[in-house]
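Read the structure below first, then the notes.
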2 protein chains.
Amino acid sequence: MGSTLIHPGPVRNKKHIMTHTVKMNLNCPMPKFDYDKITLGHGSGGLLTHRLLKSGVFDLFKNSMMDQQHDGASFEIQGRQAFSTDSYVVSPIFFPGGNIGDLAVNGTVNDLAMCGASAKYLSLSFIIEEGLTMESFWEILVSIKKAADKAGVMVVTGDTKVVEKGKGDQLFINTSGIGPIHPRAQIHHHRIEAGDSIVVSGNIATHGITIMSLRKGLGFETDVRSDTTNLNHTVIHLIDKFGEDIKFVRDPTRGGLASVLNEIAELTQLCYQLDQKSIPIDPQVEGACEMLGLDPLYVANEGVFVAVIKKEITGEFLDLLKRDERGRQAALIGEVNTSYPGKVILKSRIGGSRVVNYLTGEQLPRIC
Amino acid sequence: MGSTLIHPGPVRNKKHIMTHTVKMNLNCPMPKFDYDKITLGHGSGGLLTHRLLKSGVFDLFKNSMMDQQHDGASFEIQGRQAFSTDSYVVSPIFFPGGNIGDLAVNGTVNDLAMCGASAKYLSLSFIIEEGLTMESFWEILVSIKKAADKAGVMVVTGDTKVVEKGKGDQLFINTSGIGPIHPRAQIHHHRIEAGDSIVVSGNIATHGITIMSLRKGLGFETDVRSDTTNLNHTVIHLIDKFGEDIKFVRDPTRGGLASVLNEIAELTQLCYQLDQKSIPIDPQVEGACEMLGLDPLYVANEGVFVAVIKKEITGEFLDLLKRDERGRQAALIGEVNTSYPGKVILKSRIGGSRVVNYLTGEQLPRIC
């Protein structure tokens, strides 16, 4: 639609994110923007918004399905869907292994995957603090597009607000997503039984420690990289193969593995018995946890899921998962039993057992 | 689910917003919270989050459809849907006629309505600045619930993040919504033709002036109240009656009426001729605009829509709209013609005509 290319129209950014239809190379340099920093005017819905979007943002998020100047996207969908939302306030917004942009895409894609759903449509909403450099914003936009393409999800609608200096913190992002639930998915804690196996898909605590190691005043550095990634293809592949024998999956983000397991322990009134020595963790991450006095069981993950599965499929499940690049470090970490109803129990390396409780207070603020 | 009531489980707030099944009176006083202010711990996903949600928030958002501890909501959905998102950063968060909570519900409900859709499912995501009083938070939660009930939309999933003092501004809210598009809706600027009528549903510039009148240092007060309300029932009722004769509807929020009309003028390359004396505006609002040197055509609205309709239905359309409490001040404000392609032209009260351009820069930051 030629006129759209020339005149995308400015009332709300979101109605224009999708209107451009010119192919763009993701590795292209930053377009020439009128300004080197985001100003309040870029959130006005007026001419500055218009220029900002026209000068490259449309190109990046062009989307053949979308050529609407509506207040929202529209599409046909049928059947059982999952719908999820998350706001991302991670600080700093750039970190080894990713930034707030791909984190925001992966986080919501993964929330849907944990419902047994393939993310299909994503909304994207920015709250920008005045003064964010166009260079940072562009880098994040490109990461969002790359992460969305990798996950196979379409960004179909969006919004941009700008707040005054000191009223935000560079950039907050909300993503909401919707997608069809796999017909074989029967993921619900109700289905967990004594005897089931507890599996994690990879090394734990990596994302949390990556962020912590960047925070001022910690006095140490690691070369640990965030594990942020999309888990949808991995999880859907497993559901495809094992169906209802996968009883529960969850990505242990804020609050870590301990919080997820405490939650289902309470809900199921079963005992979740973990074997510390079998829980996969990178030695550097473990070292950092010791230095910081953090229990890795409470530290956030962004590219790992925990699954409770029927004992009989454990071997096959792990074999399949380990063949996936996202499951290389997958491990059986424990079992569900009835010994301490409603509790998470950790058998330590030296053999003793302890109760793993809920996280109290805030351990790692703004980790995601 | 008894156990859910006792143990909602804390990993992410959103997975718990929906888990309670005890009826609650919306006019009940604020529950006893453990804290009088939001702390970082309330965003941890740990025990504080758990307690916060347990102590009344579940009750408020209890939702018969939802009893899931998933990372998202799930539901059956069929056919053509609209999907929209918006983040709300209005400052101050409380204002005459509403607060950021009902604004956030109405805004997204209205965005869907402008696509011809009835909002059905809503996500709700908070970014709270540490120190927000529980009293303010509760008041906003109750407003959200009331606005959602009024609009007939279900809050089905949510998320809460907390940022440090000085890294946010009390409260930001994102709502994303999805709902079925009316089978008779054919709303697209492509369908606008010369001869069509331009109608607004009510007094313009009310919300923007309400917020401006509250801002520090303005040195004046009005008793104007924000027009924030849900327009979905009104718009769907009109679509039901007039179908494809309604060619375009849009709620002129940020950037006001001038920006919406400039956008479609550019897209359609038709001329949008307005008659100033027929544009409904409250005298106090008009007075405030004069004091502030603001053109009401650029000032934000939150409870008004502009429609471009087939000329032949204008009388009937206005009659029906005026019978709706949200359309009492509805008026025919102009017509589409070919005199100045791509332009919005205003015929002033004294008879002269001028071009109404895009808003340049930022007129009213953080109006929504």
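The figures that follow rest on heavy atoms only: side chains count, while hydrogens, waters and symmetry mates do not. Below, chains carry the letters A, B, ... as their sequence lines are ordered, and counting in each starts from 1.
- Using a 4.5 Å cut-off between heavy atoms, B:Leu257 makes no contact with chain A at all.
- To the nearest 0.5 angstrom, B:Lys167 atom NZ is 13.0 Å from A:Lys167 atom NZ.
- In this structure, CD1 on A:Ile127 lies 9.0 Å from CZ on B:Arg366, to the nearest 0.5 angstrom.
- For the atom pair A:Ser74 OG and B:Ile187 CD1, the distance stands at 10.5 Å (nearest 0.5 Å).
- Between A:Arg254 and B:Gly43, the shortest heavy-atom contact is NH1-O, 2.5 Å.
- Contacts between A:Ile77 and chain B at a heavy-atom distance below 4.5 Å involve backbone atoms as well as side-chain atoms.
- Contact annotation for A:Ile173: neither backbone nor side-chain heavy atoms come within less than 4.5 Å of a heavy atom of chain B.
- Atom-to-atom distance recorded for B:Gln78:CD and A:Gln78:CD is 4.5 Å, nearest 0.5 angstrom.
- For chain B, the option among A:Ser91, A:Ala258, A:Gly79 with the highest count of heavy-atom pairs below 4.5 Å is A:Gly79.
- The minimum heavy-atom distance linking A:Thr85 with B:Asn174 is given by the pair OG1-OD1, 4.3 Å.
- Counting only heavy atoms from C-beta outward, the side chains of A:Phe75 and B:Ile178 approach each other to under 4.5 Å.
- Panel note: side chain B:Lys161, backbone A:Val89; no donor-acceptor pair is recorded below 3.5 Å.
- Chain A forms the most heavy-atom pairs under 4.5 Å with one residue out of B:Gly168, B:Ser87, B:Ser125, and that residue is B:Ser87.
- At a threshold of 4.5 Å between non-hydrogen side-chain atoms, the residues A:Ser176 and B:Ser123 count as touching.
- Not a single donor-acceptor pair under 3.5 Å links the side chain of B:Asp111 to the backbone N or O of A:Gly72.
- Rounding to the nearest 0.5 Å gives a distance of 13.0 Å between NZ of A:Lys120 and CZ of B:Phe83.
- We find the CD-CG distance between A:Glu129 and B:Asp169 to be 11.0 Å, quoted to the nearest 0.5 Å.
- At a threshold of 4.5 Å between non-hydrogen side-chain atoms, the residues A:Val163 and B:Phe172 count as touching.
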